[in-house]
Amino acid sequence: SAAPTAAPETGTGVFSKTRAAISARTLRTDRWWVPPLVTAVGLAAFVIYATIRSYVRTAYWVPEYHYLTPFYSPCVSSDCVEGSSHFGAWFGHIPAILPLGFLVLPFLLGFRLTCYYYRKAYYRAVWFSPPACAVAEPHAKYTGETKLPLIIQNAHRYFFYVAVLVSLINTYDAITAFHGKTGGFGFGLGNIVLVGNVVLLWAYTLSCHSCRHIMGGKLKHFSAHPVRYWFWTQISKLNTRHMALAWTTLGTLALTDFYVMLVASDTISDLRFIN
Ligand code: FES
């Protein structure tokens, strides 16, 4: 195992002369690299899947049952297939360089990129700053989140506001999806998938640290603000599950899109309970 020896005084980062003179990058002997590796693989899998699906412009809408994948919601251009523009076509042709969900996808990406949990995840797994507790980062300098680009992390609260709007839109999509083949009310497995996804999206969005602060932050006396205190207490409970919800919703988003894709492309038929 690596024995501590004097580090060169001319080094940078943790090897600079103001730091403890340990030359090994880490003295940990456990498999500390497993969690960041699993995180990196998980994030990469989602990013690859979501990017491909966002650009293909096929199999995102099931006209019989009004299922719309969240990756294309809201669809607001004349390129969107008939019926899928729940809020109208505000734009004409969208060049292929942009996904049809261009209106909100950047905000959703921003919401997750600036999320307190995802920051922990990718600072470790992607940026190695540091890769794990007591494992030295490879970077020479550390300026925290005080300079560009990382100072943008402070805008998380504003991405949260947009994410609430998008959750409302997804809720609307899930409700209009109770549509039968012959019109009127319908109910199939796709509805369970869409509603399950929306419920979990709300849980993730509301468990956000910014949301918790908006509810109960900056108060001097909880006793003087019983309503805000109650909301803060509830959000705090949900907030303890934020990491689990961050991962679960990546999974349900991909799964929901995948299910809509399979039904929309006639690969499988939706299991129908009513109409
Ligand atoms: Fe994760 Fe706000 S902290 S979404």
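Quantities reported herein were computed from a predicted structural model and do not represent experimental measurements. Just so it is clear, the values below take in all heavy atoms, side chains as well, and ignore hydrogens, waters and symmetry mates. Counting starts at 1 for both ligands and their atoms, following the listed order.
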Suppose I only count heavy atoms of Y204 and a 4.0 Å limit; which atoms of ligand 1 are within that range?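 By the 4.0 Å cutoff, the relevant atoms are 1 (Fe), 4 (S).
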
Is the distance from atom 2 (Fe) of ligand 1 to the nearest N/O/S atom of C208 under 2.8 Å?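 Within the cut-off used here (under 2.8 Å), C208 does place an N, O or S atom near atom 2 (Fe) of ligand 1.
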
Nearest 0.5 Å, what's the CD1-CG distance between I52 and D257?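 If we round to the nearest 0.5 Å, I52:CD1 and D257:CG are 11.0 Å apart.
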
Regarding W202 and T171, do their side chains bring together a donor and an acceptor under 3.5 Å, going by distance alone?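 On atom types as modelled, these side chains qualify, holding a pair under 3.5 Å.
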
May I ask whether F159 places a heavy atom under 4.0 Å from ligand 1?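 Heavy atoms of F159 never come under 4.0 Å of ligand 1.
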
Criterion ring pair (Phe, Tyr, Trp, His ring centres under 6.0 Å) against H242, the qualifying member of W247, Y204, Y117: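 The ring pair (Phe, Tyr, Trp, His ring centres under 6.0 Å) with H242 is passed solely by Y204 among W247, Y204, Y117.
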
Top protein contact for atom 2 (Fe) of ligand 1, by heavy-atom distance: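 It is H156 NE2, 2.1 Å.
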
To the nearest 10 degrees, could you say what angle atom 1 (Fe) of ligand 1 makes with NE2 of H242 and SG of C115?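 About 100°, to the nearest ten degrees.
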
Side chain or backbone of F111 under 4.0 Å from ligand 1, or both, or neither, by non-hydrogen atoms?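 It is the side chain that gets close, since no backbone atom is under 4.0 Å.
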
Would you call the rings of Y116 and H156 parallel, tilted or perpendicular if under 30° counts as parallel and over 60° as perpendicular?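 Because their plane-to-plane angle is over 60°, the rings of Y116 and H156 count as perpendicular.
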
Honestly, is R112 close enough over F46, meaning NZ or CZ under 6.0 Å from the six-membered ring centre and within 45° of the axis?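 Judged by the rule (NZ or CZ under 6.0 Å from the ring centre, within 45° of its axis), R112 is not positioned above F46.
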
